[in-house]
Amino acid sequence: MTTQTTRLRTLDDLGDVRGSRVLLRVDFNTPIVDGRVGDDTRIRQALPTIQALRERGARLLLVSHLGRPQGRDPALSLRPVAERLAALLDAPVALAPDLDDVPDGDVVMLENIRYEPGETKNDPELAARLAALADAYVNDAFGSAHRAHASTEGVVHHVARSAAGLLLEREVATFTRILRAPERPLVAILGGAKVTDKIGVIQRFLELADDVLIGGAMSYPFIAARGEPVGDSLCEPAGIPVARELLGQVAPAGKLHLPLDLVIGDELSDDAHTRIVDFGPIDDGWEGMDAGPRTREAYAKLIAGAATVFWNGPVGAFEFEAFSGGTRAIAEAVAHTSALTVVGGGDSIAALRSFGLEDEVTHLSTGGGAALELIEGRALPGIVALTS
Ligand code: ADP
Ligand code: MG
């Protein structure tokens with residue numbers, strides 16, 4: 001009998017890269033504000049891999065997408081990103097306008113790869129042209145790993161050597177650990193706007209976790225599924241049958257936790273009138289906006305007792321001070337436990353950051369959709385391609 005093991009190839013598998021040109025796929029899909037990088041987190045997260053490859057003597061050709069350009073939209077040029085990277089590295093970063101015009105240099109960045117129509121179609125010809133620009137390929141773009149695009153998947157079939165960068169390696173290692181062999185109790189907090197976005201993730205954690213804590217606007221379909229009114233709450237109609245199905249499932253008793261109470265408001269603003277009500281029927285003219293105090297206490301207690309915590313999705317409209325208390329309570333509980341804590345999702349990370357707690361968690365996942373697909377148990381094409 002043979003045991004098949006799959007292993008993600010890492011930088012050490014590349015062998016000697018001294019003097020080689022390495023094509024490095026990064027996720028530099030950052031907000032551009034007035035022609036400058038608004039938030040450079042994603043650029044800073046790629047620095048360890050960039051530095052590791054440079055220390056090994058490699059010359060880099062960086063590839064990223066930015067937004068969803070229709071053609072060569074100058075507003076989605078990577079020039080501001082190249083400028084910010086040059087400042088962070090304290091080294092010149094030349095921008096290659098396209099694949100046929102790549103300047104010489106130790107660190108070169110290719111223009112927005114989505115200027116190429118073949119990128120999102122995973123066009124083999126584009127993949128081969130990308131591969132021809134380098135001796136080896138490294139992917140550090142976890143946030144794009146769930147897409148089979150020319151620069152994330154196709155290119156791998158045309159290069160002799162390929163591997164995951166340090167960031168991608170850490171993402172995969174962390175999720176593998178919490179999904180395969182979590183220290184228990186494993187507690188998952190799932191919030192956010194839409195239950196249909198996260199149904200697969202809820203299902204998987206109902207199998208894997210000890211407690212699944214539901215919060216945010218995605219809890220309102222559970223009220224509707226019980227036949228109770230939700231007032232003017234943000235309540236996705238397609239989520240109601242999903243919630244009904246989850247409620248009807250014979251999940252182990254007590255595993256699925258719904259909020260106990262809610263903060264409701266008469267408008268989405270800091271000047272709203274607010275009330276605290278039990279998790280249940282909501283009157284017309286009122287919207288569910290945040291987790292109530294009893295929910296905060298109950299959820300914080302479960303988080304404090306966990307050995308592993310995964311959190312995705314704010315539990316309220318945290319962008320408004322008046323409705324940020326529930327999400328703050330979750331963030332503080334996650335920050336203050338000594339458990340292994342993993343937080344994913346753009347808005348969840350923005351919330352942590354707004355409370356100044358982003359350095360207090362074990363792992364901030366850089367891939368929203370990619371992380372959710374990994375949890376659902378789907379094969380991510382960008383990762384499969386780098387697995388032996
Ligand atoms: P993430 O980006 O972390 O995956 P989502 O995109 O699923 O999270 O959801 C985040 C959004 O959900 C936020 O903009 C937040 O305002 C909204 N939200 C969460 N709970 C509520 C609520 N109870 N009422 C209104 N909006 C909510
Ligand atoms: Mg979001």
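Counting starts at 1 for both ligands and their atoms, in listed order. Just so it is clear, the model here is predicted, and its values are computed rather than measured.
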Hey, does Gly216 come in under 3.5 Å of ligand 1, counting only N/O atoms on both sides? no

To the nearest 0.5 Å, tell me how far Ile282 CD1 sits from Glu287 CD. 9.0 Å

Residue, atom name and distance, where the atom is the protein heavy atom closest to atom 6 (O) of ligand 1: Asp347 OD2, 3.0 Å

Proximal ligand 1 atoms for Ser348, defined as those under 4.0 Å from one of its heavy atoms: 1 (P), 3 (O)

dist Asp271:CG -> Phe320:CZ (nearest 0.5 Å) comes out at 10.5 Å

Subset of ligand 1 atoms that lie under 4.0 Å from at least one heavy atom of Gly313: 3 (O), 8 (O)

Could you tell me whether some N/O pair between Glu319 and ligand 1 is separated by less than 3.5 angstrom? yes

Can you tell me if CZ on Arg79 sees more than 12 non-hydrogen neighbours from other groups inside 6.0 Å? no

Distance to 0.1 Å, residue and atom name: give those for the protein heavy atom nearest to atom 20 (N) of ligand 1. Ala217 N, 3.1 Å

Looking at every non-hydrogen atom in both residues, tell me the closest pair between Trp311 and Ile330 and how far apart they are. CE2-CG2, 3.7 Å

Count the heavy atoms of every other residue, nucleotide or ligand shown that sit under 6.0 Å from CD of Glu183, and state whether that count exceeds 12. no

Does Arg114 form a side chain to side chain donor-acceptor pair (under 3.5 Å) with Thr120? I'd like the steps, not just the answer. CA-CA 7 Å; Arg114 288 201 188 160; Thr120 54; over 6 Å; no

Using 30° and 60° as the class boundaries, would you call the ring planes of His257 and Tyr299 parallel, tilted or perpendicular? perpendicular

Measure from the Mg ion (ligand 2) to every N/O/S atom of Asp347 and report the name of the nearest one. OD2

Is ligand 1 under 4.0 Å from a heavy atom in the side chain of Asn312, in the backbone, in both, or in neither? side chain

To atom 8 (O) of ligand 1, the nearest of Gly326, Pro314, Ala317, Gly345 on a heavy-atom basis is Pro314

Check Arg161 with Asp13, please: is the shortest side-chain N to carboxylate O separation under 4.0 Å? no

Please state which protein non-hydrogen atom is closest to atom 4 (O) of ligand 1 and give its distance, to 0.1 Å? Lys198 NZ, 3.2 Å

If you count the atoms of ligand 1 from 1 in the order shown, which ones are under 4.0 Å from a heavy atom of Ala193? 7 (O), 9 (O), 12 (O)

Does the residue Asp197 have a heavy-atom contact with ligand 1, meaning some pair of atoms that are separated by less than 4.0 Å? no

Atom indices of ligand 1 within 4.0 angstrom of Gly288 heavy atoms, with elements: 23 (N), 24 (N)

Out of Gly368, Gly344, Gly316, indicate the one that has the non-hydrogen atom closest to atom 18 (N) of ligand 1. Gly316

Could Glu116 and Arg72 be called an ion pair, given the rule that one side-chain N must be under 4.0 Å from one carboxylate O? yes

Counting from 1, what ligand 1 atoms have a heavy atom of Tyr220 closer than 4.0 Å? 22 (C), 23 (N)

Between Arg170 and His363, does a side chain to side chain donor-acceptor pair (under 3.5 Å) hold up when you go through it step by step? CA-CA 9 Å; Arg170 190 157 64 95; His363 180 73; 3.2 Å; yes

